[in-house]
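Scroll down for the structure; my scribbles are underneath it.
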Amino acid sequence: MGTVVLEEKWPVLGRHERAAGWLQVWTDLGRAPRTIDVYARGLAEYLEMCERENVDPLTANRAHIAVYVRELTSRPSRRGANVVSIDSGSGLANATIQQRLVPVRLFYDFLMEDGQRDSNPVGRGRYTPGRRRGGHERGLVQWVGFLGELAAGEYERPPVARRWSVYRPGYCR
């Protein structure tokens with residue numbers, strides 16, 4: 001999938017030369033077309049927000065990323081406003097937000113490697129061995145649910161018998 005096709009699908013990419021160049025690098029590295037498509041979509045949504053907010057993406061800071069995250073968390077769900085689920089609330093699912101932030105973070109990594117930025121406004125969660133509670137420092141958007149609890153060291157494993165009863169109903173009596 002070439003940059004021309006991506007620019008036809010997301011015209012905002014054609015207005016930002018560095019973004020189109022970054023996607024071309026990923027394409028040249030042989031990344032899967034679907035990966036390029038997902039990265040293009042995430043970056044295009046971010047660039048559209050930058051244009052709406054009159055922000056130059058090359059000089060954006062953490063506050064601008066926070067505006068984008070707020071927009072993602074308040075965006076109406078495709079499931080509809082009346083659907084109630086465990087993770088209900090307005091906005092995209094946590095995993096979708098993470099997916100949309102990855103290309104933005106990678107784009108800023110590219111700009112840093114290219115010498116056009118000193119820091120990445122998206123940032124990352126960090127792991128420091130030996131720190132209390134697993135040594136995890138929260139990233140920009142917190143992971144939600146079981147995997148988030150597991151990563152944060154907050155998940156307590158049930159007793160062995162109870163764990164096995166989930167997989168083998170007759171195991172515990």
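Judged by distance alone, the side chain of Thr73 and the main-chain N or O of Val69 form a donor-acceptor pair under 3.5 Å. Asp114 places no side-chain N or O within donor-acceptor distance of the main-chain N or O of Gln116, the cut-off being under 3.5 Å. Panel note: side chain Thr27, backbone Leu23; a donor-acceptor pair is recorded below 3.5 Å. Distance alone, capped at 3.5 Å, is enough to place a donor-acceptor pair between the Asn61 side chain and the His64 backbone.
Trp10 and Val55 are members of different hydrophobic clusters when ILVMFWY side chains are connected at heavy-atom separations under 4.5 Å. Leu43 and Met112 fall into different hydrophobic clusters, where Ile, Leu, Val, Met, Phe, Trp and Tyr residues are linked whenever their side-chain heavy atoms come under 4.5 Å apart, directly or through other members.
Remark: Arg117 CZ to Leu58 CG distance equals 8.0 Å, nearest 0.5 Å. Distance CZ/Arg41 to CG/Asp37: 8.5 Å, rounded to 0.5 Å. How far NE2 of His16 is from CH2 of Trp22: 14.0 Å, rounded to the nearest 0.5 Å. From Leu72, atom CG reaches atom CD of Gln99 across 11.0 Å, with rounding to the nearest 0.5 Å. Atom CG of residue Asp28 and atom CD1 of residue Ile36 lie 9.0 Å apart, to the nearest 0.5 angstrom.
The closest side-chain heavy-atom distance from Glu51 to Arg15 is below 4.5 Å. Using a 4.5 Å cut-off on side-chain heavy atoms (C-beta onward), Tyr68 and Glu53 make no contact.
Under a cut-off of 6.0 angstrom, the local environment of CG in Asp56 is crowded, with over 12 non-hydrogen atoms contributed by other residues, nucleotides or ligands.
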